Amino acid sequence: MIDYQQRMNPAILQIPPSGIRKFFDIANEMEDVISLSIGEPDFVTPWHVRQEGIRSLEDGKTWYSPNRGFSELRNELSVWFNRHYQVEYDPNKELLVTVGGSEAIDLCFRTLLAPGDEVLVPQPSFVCYAPLASMAGGVPVIIETKAENRFRLTPQEIEEKLTPRTKLLVLPYPNNPTGAVMRRADLEAVAEVVKKHDLFVLSDEIYSELTYGGTPHVSFASIGDMRERTVVVNGFSKAFAMTGWRLGYVAGPRALVSQMTKLHQYGIMCAPTTAQYAAIEALKNGDADIQNMRSQYDMRRRLIVDGFNRMGLTCFEPEGAFYVFPCIRSTGLSSEEFCEKLIYQEHVAVVPGPAFGACGEGFVRVSYSYSIKHITEALRRIEHFLGELRR
Amino acid sequence: MDKLLGLLQENARLSCEQLAVMLGKTPAEIESQIAAYEKAGVIRGYHTLINWEKADANHASALIELRVTPKRDKGFDEIADKIMQFEEVESVYLMSGGFDLAVRVNAASMQDIALFVAKRLAPLDSVLSTATHFILTRYKDGGVVLNPEDERDERRTVLCD
Ligand SMILES: Cc1ncc(COP(=O)(O)O)c(C=O)c1O
């Protein structure tokens, strides 16, 4: 008998599995579950974008693309990025098309981190940063952002965690799960620290098109001279409702992108070809789709924030992505207890805050990537749940 | 497009409070805006979109193309006006292209519709010809997909989304 545990890489075995499986297993057992737990758009990819993917298949375009992605896609991307965020990237040397933002994050860690290099990871945040940093040989150092700062990252919080080994700062905004957004002034303050301590920044801007209240997203690369220290990760998943197509990209300084391209070339070859054809169409003619989806998310966001505040679960107003992160401490329950009771008693699924880092305790993540009808019913059930708790 | 109209078109049962929250207005503002739309004839009613095939009622509908002779001075208005008086008629449109009026008709059976066309529509003064197309299945109506199977949430929970 082979003792597999003994034979595998201990560095991989050490990485803890995601803690949220349990709830999904419960939810899958139930018939009438109302879920507010899913982290992807409920919209289907716009039809004209899907059509271009279909057309490419009909035309038999089923081959690899160049490692970096089709040059037409990179050209469009360069134009689009500049138009939206006022930063210019050379399509031939500074852009790489990846298998989702996920691959881009992985490439960035593996390219920048030497063994023992420390990566600052603000939490609560998307679950992949610390595990991927560890697997790349780095050492994740957690920064706990605070509700009273609206979950924004402050320069002090960075400085408290600096050591001589600190190399890279992850900047996960607009944030999943809190919905927090860093405004220009916040970014400028972070930029000063970054420069002073000679850090690099992985700016995960995957939700950049989903910000509300009329203030558009500011890319960290557009702040002062941060472009030369920043690897921007972005993609098509959230902006164009294209999660299943698996397409993202990285924009950054030539030397870094060139090494990332080498890794990508050996490990992946190229991002999906069909998806790239669809993405060209999305960039060329997709602005109205983004606007429409954003406006729908915004109405749902207002509805759900108002709903939670009415119920007495304080909920700071999220300014980006499609999540709210209400505080549930007033119930006297832990996040996990809250989610478990809620799903058993009312058949509503939300995700416990600690799934996104220990400092998420006392909060739950609620996605509003659902129809208004669905959200209204879920809010009704949650209100009933709180009523029962108080009795 | 006006967001308020968009929301109401999708779901006329949202309360003024809900609409107000979503649009960042007060309930009173929403109420008066709706009243204004009703007064101006922009909002012309609130009805329920029923999938009659599912309701198991006797139900048939058809789209009828009419070619008609327009009247001097009145154009197509006069004949349209006559046609829309019939209870069976759900909608009347003046069309560009190969025919003039498109009339959607509902009745209890296809035979009733055939009779309606033969006895009521075809004999009208200015009607030159009719072509009746029975509707066999409605997939989407009034912006709504009628078979909920087509709308099921197929998103799967990925472990660490
Ligand atoms: C903050 C954040 N970054 C990156 C991703 C990865 O997205 P993708 O790999 O689909 O581009 C996600 C997905 O949920 C996310 O929430």
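Note on naming: letters A, B, ... go to the chains in the order of the sequence lines (proteins, then strands), and numbering restarts at 1 for each one. Values below: all heavy atoms of this structure, side chains included; hydrogens, waters and symmetry mates excluded. In this text the structure is predicted, and so the values were computed from the model without any measurement.
In this structure, chain A has no heavy atom under 4.5 Å from any part of Leu19(B). Neither the backbone nor the side chain of Ser35(A) comes within less than 4.5 Å of any heavy atom in chain B. When heavy atoms are compared at a cutoff of 4.5 Å, Ser369(A) approaches chain B by way of both its backbone and its side chain. Neither the backbone nor the side chain of Pro131(A) comes within less than 4.5 Å of any heavy atom in chain B.
Environment of OH in Tyr46(B): crowded, with over 12 heavy atoms of neighbouring residues, nucleotides or ligands closer than 6.0 Å. Atom CD of Gln85(B) sits in a crowded spot, with more than 12 heavy atoms from other residues, nucleotides or ligands closer than 6.0 Å. Sparse packing is recorded around CZ of Arg120(B), with 12 or fewer heavy atoms of other residues, nucleotides or ligands lying under 6.0 Å away.
By a heavy-atom distance cut of under 4.5 Å, not one residue of residues 90-106 of chain B is near chain A.
Met22(B) pairs in a side chain to side chain contact (heavy atoms under 4.5 Å, CB included) with only one of the listed residues (Asp306(A), Ile304(A), Leu303(A), Asp298(A)), which is Leu303(A).
Considering CG of Leu4(B) and CE of Met299(A), their distance stands at 10.0 Å, rounded to 0.5 Å. In this structure, CD in Gln296(A) is found 6.5 Å from CD in Glu10(B), a value given to the nearest 0.5 Å.
A salt bridge (Lys or Arg N to Asp or Glu O under 4.0 Å) check over residues 12-30 of chain B, counting only residues at least two apart or in different chains, returns nothing.
In terms of heavy-atom proximity, Ser295(A) sits nearest to Lys3(B) at OG-CE, 3.5 Å.
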Handout entry: Residues Leu7(B), Ile372(A); criterion side-chain contact (heavy atoms from CB on, under 4.5 Å); working and verdict
Key = CA-CA 10 Å; Leu7(B) 283 170; Ile372(A) 284 167; 3.7 Å; yes
